[in-house]
Amino acid sequence: MAEAIIPNLPTNLEGPRARWKYLDNILGRRGPFTDVDWVPGAAIIESLERAKLLVIGAGGLGCEILKNLALSGFKDIHVIDMDTIDVSNLNRQFLFRHADVGKYKAEVAAKFVEKRVKGVKITPYCGKIQDKDEEYYKQFAMIVCGLDSIEARRWINATLVGMVDENDEDSLKPLIDGGTEGFKGQARVILPTMTSCIECQLDMHAPRAAVPLCTLATIPRQPQHCIEWAHIIAWDEERKEITLDTDDPEHITWLFQKALKRAQEFNIPGVTYSMTQGVVKNIIPAIASTNAIVAASCCNEAFKIATSTNPFLGVPETDNYMMYTGDESVYTYTFQHMKKSDCPVCGEDNLSRPLQVDPNSTLQEFLDGLAERPEAQLKKPSIRSEQKSLYYQSPASLEEQTRPNLTKKLNELLENGEEVVISDPAFPTQFRYQLTFKG
Amino acid sequence: MADLPPPVQGPTAKEKKYDRQLRLWGATGQMALESSHILLINSGPGVVGVETLKNLVLPGIGNFTIQDSAVVSEADLGVNFFLEEEHLGGFRAEHTCNLLKELNPDVQGSFITEPVESWLTQPDSLKPYTLILATAPIRPEILARLSAHAGASLIPIFYIHSVGFYSHFSIHLPPAFPIVDTHPDSETTSDLRLLKPWPELIQFAKEKTNALDTMAADDHGHIPYIAILLYHLEEWKKDHEGQVPQNYKEKTEFRTIVSKAARTNNPEGGEENYDEAVAAVLKSLNPPEPASAVKEIFKTPECVLVSRDSSSFWVIAHAIGLFYTKYGVLPVPGSVPDMKARSADYIQLQNVYKSKARKDVVEVLESVRFLERTADRKDPIDEKDVEAFCKNAAHIKLVRGRPFHVVQASETIEWGERAKSIAQNLTFPDSLVPLYIAFLAFDEFVATHDKDALGGAPKMPGETDAETDAEKVTGIAFKIADDLIKEAGTFVEEPDYSDLKTRTGEFVQELVRAGGAELHNIAALTGGLVSQEIIKAITEQYIPVDNTCVFDGVRSKTEVIRV
Ligand SMILES: [Zn+2]
């Protein structure tokens, strides 16, 4: 078995590869798991250096990803992020310093890594992924995502699935996605149209159920209810003319005091400034260690895909998802998430999913429910049936025309078993449901 | 705005910077981090240790020191992010230290460039440090010395490998490492005592379910589900000789009764509070019996024999043990999950639980004070600590730290009481025990090979001749596996034995292929894992790895092994 290793490639103590001495042990030697026809050496090094990669997100994961890719021997990296640096980023986003607060993340991160790792070119774009079209995404060999927004993930996923052209091998762009929350996270590899996609996996990341409005308005019980009340109801009633800016301390203070006062009226303990900020901004705890683990796992897969130095996650019919939990010991669960045939993004035939509904609920209630359905999570849905437009968010004239439908009951608008098509401006996909009436 | 109270004190600059982590380990965890001083004994390519420190400097440990006598080479620049071209030829300890310090002005960093062999001979060289981190390759006599120091001074020590696509770390914690704040999952922790209600809780349920049948619809739809369940439990007991539902069958029967009691003659066709009651039946109708691991803690010698020098954990644990002996239950934690209810009713219910919890704390506190007097302890334990302990009593954890393997040249590795269970694990097809054995074999190779005849740095397998070294290390690994099977007193049959050898051989080959090189990704990932475990060890929060973790970057899997 030991013959599988090609011995004694010259060790580069000097010359252009001296810096990559360690990496070249792996790039220059076969291992027990490399393909029989894999040839180590110059050709592999060349393809690694030629591969153009896109990194989406230059935050906690993004900083790690850029560092890791640069030190994995990639030379041509692009990075997209629309955000600017906030002081609360500094406990983990290690490419930023106090003096950088307020600057664009993508720009500062790119410059820093270029300076540290000589020979790597990092091209920043400070803006939204939606600004770019297929032509732009086509130029990359792979896309590595370190995002905190489900919407952005779903958008890039649907875009990459849509780009696949059966007759053009180059149109398939592997998507490597990382995500963290506190001590937990996941890394996954998606080969668009071939393996389970972000949309197939959406129910793995179910949203937290929203508190009903009537609880906020009339029977608050938790400090969070008082904060949500201040956020959703009190602000609109008393400060409608001011746009709420959750980064403005004066605004947070106002909400905090409102919430505190309401809590006192109901004898509810526990409202704090920090909690107010957490609820209003939907803050997810984040630490350097989890980011390091998940980002490195993503980059390890990217490196293996680019070099074939070892098998990678995402090969069809094999594991494509690593789940990580670190609060109780260390636990990973690596498995194959199965592609869903009725996936609205990558499903083969555009099947509609069956859905049971209460015929007496209103269209508004039905649409609100979509925001919480794990497999849909739509915030601004428009809906039409086979017969008619039920509700459209835009244009304004159509919105106005269809608005009266919102208060109508489903059984006034639809037949039992009718199919509806739902779209949302955040996604380049349509969702089809066949609605059957309960009871 | 005249109706608002005066402006509040917003968060401090520090609270703003650390906001995202304070939401996890709080101010006490942060204080513990800030009073730590971590020593890294660095070696080899030296990346994993530096990446670990990065993840600790960012959240604000107090102090770190890097011991490393290596000089910065070209190869360092291709793998270590905390070095730059201008540092070539300088000391790696100095420059990595300086670039790490840039990450957080609140952290103190220093470095030692003297070779570890001579530095360790100085008296008290290890004294300032509260935690030690050693990376492979390291001479066994040095590692043994560090391990002995950590054992004697009761500080944690970590030993790390990061080689090619694989990594490993072992943690040696003090022999008794108790944790109160384990941060259990909030959904699994509610302890409502529905089967052991106290008079105030019974009274509450009676009040809220009075004249149930004639209650107005809106009132009926707002009865807290705890009251609903208690009411139906009383009814059930009347028909079952005073017994509550005993088994799964009776519980489902009980659940049907509750479900049928909901009113359906309303527009919604049901009641949310009854839905909540139904959903809570199976998980809430269990006797409030503590987990066996918790009961074990009450029986440990440290808990039974509280002395003048016992840590506060053992004093409080002893007091809670007394409480348990007396009542057969732990103190009530006092929290109530959110549920459909009117504000006033919910707050009233919350207070019923809080008052009971408070009462239990007072009783435990009395025992604590009594113990303090009889053991003649100096500083009284903070009441807040007793309260926190009572609140999480069902989820406390005791980790028994133990030394990790230090592989000495031509000495058989001993597994002791762990031999049987590890040998069993060894033959599972997905087991990473063979990878751990490959690392032990790697260490034995290092213990017996030098880079040059001068006896300078140890040599790692595959640095120059991968083929020959792979054969050697495979031989060592096979012997370690055979010795383990022998020590366990067992026998592995074919084809399992051949499979085991194949898998071990493959791990060794992949390990030797790297020739001691670190891949940045694997070093960064392992640095993430180790820093996380260091944070747990320092803050005494969450549950640490007990005691060894291996990572397979080929298949992207980890396994935790107790060795
Ligand atoms: Zn899909």
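All values below come from the heavy atoms of this structure, side chains included, with hydrogens, waters and symmetry mates left out. Below, read A as the first sequence line, B as the second, and so on, with proteins coming before strands; counting in each chain starts at 1.
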Is a donor on one side and an acceptor on the other found under 3.5 Å between the side chain of B:S343 and the backbone of A:P220?
yes
Toward chain A, the part of B:P544 with a non-hydrogen atom under 4.5 Å:
backbone
Output, in order, the C-alpha distance, side-chain angles, deciding distance and verdict of side chain to side chain contact (heavy atoms under 4.5 Å, CB included) for B:I543 and A:D327.
CA-CA 6 Å; B:I543 299 173; A:D327 50 357; over 6 Å; no
With rounding to the nearest 0.5 angstrom, report the CG to OH distance, A:N267 to B:Y346.
13.5 Å
Which atoms of A:R97 are under 4.5 Å from chain B, going by heavy atoms: the side chain, the backbone, both sets, or neither?
side chain
Could you tell me which portion of B:A514 (side chain, backbone, both or neither) has an atom closer than 4.5 angstrom to a non-hydrogen atom of chain A?
both
Quick one: closest heavy-atom pair of A:W20 and B:G78, and the distance?
CZ3-O, 3.3 Å
If we ignore hydrogens and angles and just use 3.5 Å, is the side chain of B:R23 paired with the main-chain N or O of A:S274 as donor and acceptor?
yes
Which atoms of A:V117 come close to chain B, meaning under 4.5 Å heavy atom to heavy atom: side chain ones, backbone ones, both, or neither?
side chain
Carboxylate-amine/guanidinium proximity below 4.0 Å for B:E85 and A:K118
no
Is the closest side-chain heavy-atom distance between B:L529 and A:Y324 below 4.5 Å?
yes
Can you see which heavy atom on A:P269 is nearest to which on B:K354, and at what distance?
CG-NZ, 3.5 Å
Can you find a heavy atom in the side chain of A:I26 that is under 4.5 Å from one in the side chain of B:F165?
yes
B:K536 bridged to A:E328 by N-O distance under 4.0 Å:
no
Main chain of B:K16, side chain of A:S88: is a donor-acceptor contact present, judged purely on distance under 3.5 Å?
no
Mind checking whether B:E510 and A:N310 have side chains closer than 4.5 Å, heavy atoms only?
yes
Is any side-chain heavy atom of B:E51 less than 4.5 Å from a side-chain heavy atom of A:K67?
yes
Assess the residue pair A:Y22 and B:L519 against the criterion (side chain to side chain contact (heavy atoms under 4.5 Å, CB included)); give the C-alpha distance rounded to whole Å, side-chain angles, the decisive distance to 0.1 Å, and a yes or no.
CA-CA 7 Å; A:Y22 296 128; B:L519 284 178; over 6 Å; no
Is a side-chain donor or acceptor of A:T334 paired with a backbone partner of B:S556 at a separation under 3.5 angstrom?
yes
Under 4.5 Å from a heavy atom of chain A, the part of B:V79 involved:
both
Picking from B:G462, B:A344, B:S73, which has the most non-hydrogen pairs under 4.5 angstrom with chain A?
B:G462
Part of A:F94 lying under 4.5 Å from any heavy atom of chain B
both
Atom group of B:E533 that falls short of 4.5 Å from chain A, counting heavy atoms
side chain
Taking every heavy-atom pair that is under 4.5 Å apart, which of B:Q541, B:K340, B:K397 has the most such pairs with chain A?
B:K340
For each of B:V508, B:D469, B:D19, B:L77, tally heavy-atom pairs with chain A at distances under 4.5 Å, and name the one with the top tally.
B:L77
CG-CG distance between B:L58 and A:N91, expressed to the nearest 0.5 angstrom
7.0 Å
Non-hydrogen atoms of chain B under 4.5 Å away: do they reach the side chain of A:T215, the backbone, both or neither?
neither
Measure across A:N68 and B:A524 and return the closest heavy-atom pair with its distance rounded to 0.1 Å.
OD1-CB, 3.9 Å
Other residues, nucleotides, ligands: >12 heavy atoms within 6.0 Å of B:K557 NZ:
yes
Contacting region of A:S72 [heavy-atom separation from chain B under 4.5 Å]:
side chain
What part of A:I252 gets closer than 4.5 Å to chain B, counting heavy atoms only: side chain, backbone, both or neither?
neither
Under 4.5 Å from any heavy atom of chain B, what part of A:I287 do you find: side chain, backbone, both or neither?
side chain
B:R20 side chain reached by A:R92 side chain, heavy atoms, under 4.5 Å
yes
Around atom CG of A:D148, are there more than 12 heavy atoms from other residues, nucleotides or ligands closer than 6.0 Å?
no
If I measure from the heavy atoms of chain B, does A:T309 come under 4.5 Å with its side chain, its backbone, both, or neither?
both
With only heavy atoms counted, which part of B:E15 is less than 4.5 Å from chain A, the side chain, the backbone, both or neither?
neither
One option among A:V330, A:L23, A:N291 has the most heavy-atom pairs under 4.5 Å with chain B, and it is A:V330
Quick one: of B:D76, B:L99, B:V399, who has the most non-hydrogen atom pairs under 4.5 Å with chain A?
B:L99
For B:Y18 and A:L90, what are the C-alpha separation, side-chain angles and deciding distance, and is it a side chain to side chain contact (heavy atoms under 4.5 Å, CB included)?
CA-CA 8 Å; B:Y18 293 140; A:L90 301 178; over 6 Å; no
Between the CZ atom in B:F551 and the OG atom in A:S297, the distance rounded to the nearest 0.5 Å is 5.5 Å
Donor-acceptor check, side chain of A:R29 to backbone of B:R513, threshold 3.5 angstrom: yes or no?
yes
Say you draw a straight line from CD of B:E518 to CG of A:N25; how long is it, rounded to the nearest 0.5 Å?
12.5 Å
Answer with side chain, backbone, both or neither: which region of B:I347 has an atom nearer than 4.5 Å to a non-hydrogen atom of chain A?
side chain
Flag the pair A:E64 and B:K54 as a salt bridge only when some basic side-chain nitrogen lies within less than 4.0 angstrom of an acidic carboxylate oxygen.
yes
As a quick check of understanding, evaluate side chain to side chain contact (heavy atoms under 4.5 Å, CB included) for A:R116 and B:E84, giving each step before the final call.
CA-CA 6 Å; A:R116 241 339 130 70; B:E84 291 184 342; 2.7 Å; yes
Would you mind checking which part of A:L313 comes under 4.5 Å of any heavy atom in chain B, side chain (CB onward), backbone (N, CA, C, O), both or neither?
side chain
Under 4.5 Å from any heavy atom of chain A - which part of B:N80
backbone
Does the side chain of B:T558 come within less than 4.5 Å of A:Y331's, by heavy atoms?
no
Okay, A:H98 and chain B: the region with an atom under 4.5 Å from a heavy atom over there is neither
Are B:Q21 and A:P285 side-chain neighbours, meaning at least one heavy-atom pair lies under 4.5 Å?
no
Could you pull out the closest heavy-atom pair between A:G182 and B:L24, with the gap in Å?
CA-CD1, 4.0 Å
Look at A:A296, A:A286, A:C299, A:S289 and state which one has the largest set of heavy-atom pairs under 4.5 Å with chain B.
A:S289
Using modelled atom types only, decide if a donor and an acceptor are shared between the side chain of A:N300 and the backbone of B:G553 within a distance under 3.5 Å.
yes
At a heavy-atom separation under 4.5 Å, does B:D338 approach chain A through its side chain, its backbone, both, or neither?
both
Under 3.5 Å donor-acceptor, A:R221 side chain and B:A341 backbone:
yes
Check whether any side-chain N or O of A:K304 sits under 3.5 Å from a backbone N or O of B:V554 as a donor-acceptor pair, and report yes or no.
yes
Close side-chain approach of A:I219 to B:H222, heavy-atom, < 4.5 Å:
yes
Is chain A contacted by the side chain of B:I534, its backbone, both, or neither, given a heavy-atom distance below 4.5 Å?
neither
Residue pair A:A292 / B:N55: nearest heavy atoms and the distance that separates them:
CB-ND2, 3.7 Å
